[in-house]
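Both backbone and side-chain heavy atoms feed into the values below; hydrogens, waters and symmetry mates do not. Read the numbers this way: they start at 1 and go in the same order the structure lists the ligands and their atoms.
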Amino acid sequence: MGLTVLSALSLFVLNITFLCGHAQDAELSLKPNVSHLFAGESVTFICDMREGNATDWLYKFNWNDQEMVQFNKSSSYSLYLTAELSGNYQCIGRHNGLKDFTKQSNNLTLSISALRPTATITADKTTIPVGGSVTLTCSVQGSAGWTYDWFRQIPDSREVVIDTNSLQNFISVSDEGIYRCRGRRGNPVFFTNLSKVYHSQKTLSNRAFVTLQQNWTQIFSGEMITIKCEIQGGENTEWQYEWRTTSSKTPPTHSEYNISRASFSYSGQYWCKGRRDLYFSTAWSDAFTLKVSNKPRPTITADRRTIPAGGNATLSCSVGSYNEWKYFWFRRASVFTEIQVIRNKEPDQMITVTQGGIYYCKGGRGNPVFFTEDSDPITIEKRGEIKSFYLD
Ligand SMILES: *[C@@H]1O[C@H](CO)[C@@H](O)[C@H](O)[C@H]1NC(C)=O
Ligand SMILES: *[C@@H]1O[C@H](CO)[C@@H](O)[C@H](O)[C@H]1NC(C)=O
Ligand SMILES: *[C@@H]1O[C@H](CO)[C@@H](O)[C@H](O)[C@H]1NC(C)=O
Ligand SMILES: *[C@@H]1O[C@H](CO)[C@@H](O)[C@H](O)[C@H]1NC(C)=O
Ligand SMILES: *[C@@H]1O[C@H](CO)[C@@H](O)[C@H](O)[C@H]1NC(C)=O
Ligand SMILES: *[C@@H]1O[C@H](CO)[C@@H](O)[C@H](O)[C@H]1NC(C)=O
Ligand SMILES: *[C@@H]1O[C@H](CO)[C@@H](O)[C@H](O)[C@H]1NC(C)=O
Ligand SMILES: *[C@@H]1O[C@H](CO)[C@@H](O)[C@H](O)[C@H]1NC(C)=O
């Protein structure tokens, strides 16, 4: 009798607080506390009435408004997930003593993917710098709450675990090797697929340089040149060479790039590096700029245009201020006569002539010799000879 009155009173009080909104709502939570899940994971629903003693209540779990677990003393419920189990979850508590008093929890909406996810590995740099490291990051797209496992493999060796169940999703790596990772969560533990491998490479301290074998910097269309990749202190290593260029050409994987006829399309910047093996290479060299210009035409000048009797004139030829040029001289007695090579054994920038005639020159350099265009002709008269013979 007394108990009934008390119960009715309690029910009345509870009903008042509930109707007036003072009673706290029941709370349904999930372990792991995430809403995007995968088939194969195990989760636990926890129902908290947030009122009285947990043992005062019976708990029911619904899935899409269907009863999944009938009223029961257990306030938690574990479930192995399949993709079909996506949807709305809710728990309902019924007071053990007060049969008509129930509370509903919030709804939890779970989306469950059928496919096991794959971890993604990324690196902040492509290679490990000299004395430095690379930071690798592992992530599982669209989902949280993971811890991470890290693996490394070195040549001719088994893959080893380098870190496991780590809360940090990144590691710092200063050794070469093949790395991969995966995520895990839940109890029993669920693993993502392993990430792709990240192939970490170490930078050697040897420096690479792109050089031009020729001693000159200005290159002309038609010239034969060789661009070289040189590696400082790397004489005893069998290197593989890699090139990068802004030109439209593809240099070979050799240290030497022979260009038999330079043209404008070879103009651009060139970089190279040496690779010792899969894991070790030099850093890229500084850029070398190749600029191919039009074939030049030398300038010809004379100290006088008329040779006095018994005298001479000095002619000079110039391509520019570069001293690698040799000069070749030609003469015709008149426009009607054959061209005569007057100087090619000891090619010189200046010659002294005592005869009248039409003179021109050209420059040459390198081996085989690359020739400039012909200079303009210049006419030298000799006093006493008939002027009309000549070109001007
Ligand atoms: C679950 O996560 C949400 C935010 O993602 C947070 O507000 C909430 O407190 C978490 N619950 C628990 C039980 O950790
Ligand atoms: C809840 O009830 C149980 C058994 O009835 C008791 O052992 C426990 O101390 C109670 N807890 C609280 C917080 O009242
Ligand atoms: C209550 O739940 C427990 C564990 O979830 C289970 O073993 C038990 O059979 C359930 N009882 C009823 C009556 O459903
Ligand atoms: C939960 O969802 C059900 C329908 O599935 C709805 O009737 C109920 O009002 C919802 N409850 C809350 C607290 O949103
Ligand atoms: C993960 O691996 C399984 C096989 O183990 C494969 O069927 C599935 O497609 C993979 N998931 C992704 C996202 O590639
Ligand atoms: C470059 O110049 C050096 C001396 O300055 C010389 O020994 C070498 O033969 C030259 N190379 C070419 C390709 O002309
Ligand atoms: C480039 O030319 C040089 C000399 O002309 C020759 O020794 C070398 O083998 C050539 N290199 C390549 C890659 O063709
Ligand atoms: C050129 O003429 C000058 C005088 O004008 C003379 O001193 C010089 O020796 C001559 N040179 C040659 C190579 O004939």
Side-chain angles (χ1 to χ4, degrees), residues 32 34-43 80-86 110-123 136-153 158-159 161 164-166 169-170 178-199 300-318 326-333 340-361 375 378-385 387 390:
V34 294
S35 59
H36 191 183
L37 293 140
F38 299 92
E41 286 197 83
S42 296
V43 295
Y80 176 85
L81 299 180
T82 58
E84 300 75 48
L85 289 172
S86 288
L110 303 191
S111 97
I112 302 161
S113 305
L115 280 182
R116 188 178 291 269
T118 299
T120 306
I121 194 167
T122 54
L136 303 181
T137 304
C138 193
S139 57
V140 183
Q141 207 187 356
S143 178
W146 303 93
T147 58
Y148 301 90
D149 297 338
W150 292 93
F151 305 88
R152 173 182 179 227
Q153 192 182 9
R158 287 228 320 270
E159 187 171 58
V161 178
T164 184
N165 205 13
S166 161
N169 73 334
F170 59 89
I178 289 173
Y179 291 84
R180 52 185 184 165
C181 71
R182 72 177 170 201
R184 58 155 82 194
R185 71 180 177 194
N187 181 20
V189 64
F190 171 82
F191 294 104
T192 68
N193 286 349
L194 279 161
S195 69
K196 288 200 173 118
V197 298
Y198 169 78
H199 184 139
I300 189 167
T301 53
D303 67 339
R304 58 173 68 91
R305 302 293 275 261
T306 308
I307 302 173
N312 57 48
T314 302
L315 307 184
S316 105
C317 186
S318 165
K326 293 176 164 49
Y327 294 91
F328 301 84
W329 290 93
F330 306 89
R331 171 181 182 264
R332 305 162 85 172
Q340 177 192 0
V341 177
I342 54 175
R343 195 70 166 261
N344 74 355
K345 282 264 161 46
E346 296 162 350
D348 218 343
Q349 186 169 12
M350 278 202 254
I351 60 167
T352 302
V353 298
T354 53
Q355 285 179 290
I358 302 160
Y359 290 87
Y360 67 91
C361 66
S375 72
I378 193 168
T379 303
I380 303 293
E381 279 178 57
K382 178 135 191 194
R383 186 141 293 158
E385 284 173 1
K387 186 179 173 177
Y390 308 127

**Student:** Got a donor-acceptor contact below 3.5 angstrom from the S375 side chain to the C361 backbone?
**Tutor:**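 Yes, S375 side chain to C361 backbone: donor-acceptor pair under 3.5 Å.
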**Student:** I'd like to check which ligand 8 atoms, numbered from 1 as shown, lie under 4.0 Å from a non-hydrogen atom of T352.
**Tutor:**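 Heavy-atom distances to T352 below 4.0 Å select 12 (C), 13 (C).
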**Student:** Can you find a protein heavy atom closer to atom 7 (O) of ligand 5 than 4.0 Å?
**Tutor:**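 False for atom 7 (O) of ligand 5.
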**Student:** Among protein heavy atoms, which sits nearest to atom 14 (O) of ligand 5, and what does the distance come to when rounded to 0.1 Å?
**Tutor:**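 Nearest neighbour among protein heavy atoms for atom 14 (O) of ligand 5, to 0.1 Å: T118 OG1, 3.2 Å.
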**Student:** Would the distance check show the side chain of K382 and the main-chain N or O of T354 forming a donor-acceptor pair, the cut-off being under 3.5 Å?
**Tutor:**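 Yes.
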**Student:** Of the protein's non-hydrogen atoms, which lies at the shortest distance from atom 1 (C) of ligand 5, and what is that distance?
**Tutor:**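 Of every protein heavy atom, N193 ND2, 1.3 Å lies nearest to atom 1 (C) of ligand 5.
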**Student:** Mark yes or no for whether T192, through its side chain, and G183, through its backbone, hold a donor-acceptor pair below 3.5 Å.
**Tutor:**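 The answer is yes, because a donor-acceptor pair under 3.5 Å joins these two groups.
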**Student:** So, D149 and T164: side-chain donor and acceptor under 3.5 Å apart, yes or no?
**Tutor:**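 Yes, a side-chain donor-acceptor pair sits under 3.5 Å.
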**Student:** Output yes when a side-chain donor or acceptor of T118 lies under 3.5 Å from a complementary backbone atom of N193, and no otherwise.
**Tutor:**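 Flag not set: sc T118 to bb N193 has no pair under 3.5 Å.
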**Student:** With nothing but distance in play, are any N or O atoms of N312 less than 3.5 Å from an N or O of ligand 8?
**Tutor:**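 Checking ligand 8 against N312, an N or O pair does fall under 3.5 Å apart.
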**Student:** With atoms numbered from 1 as shown, which atoms in ligand 5 lie under 4.0 angstrom from a non-hydrogen atom of R116?
**Tutor:**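 Answer for ligand 5: 1 (C), 10 (C), 11 (N), 12 (C), 13 (C).
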**Student:** For atom 9 (O) of ligand 5, what is the nearest protein heavy atom, given as residue, atom name and distance?
**Tutor:**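 Result for atom 9 (O) of ligand 5: L115 CD2, 3.9 Å.
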**Student:** Looking at R182, is its backbone amide N or carbonyl O close enough to the side chain of W146 to form a donor-acceptor pair, meaning the two atoms are under 3.5 Å apart?
**Tutor:**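 Not at all, since once roles are kept as given, no pair shorter than 3.5 Å links the two residues.
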**Student:** Is atom 4 (C) of ligand 8 touching the protein, meaning some protein heavy atom lies under 4.0 Å away?
**Tutor:**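 No, there is none.
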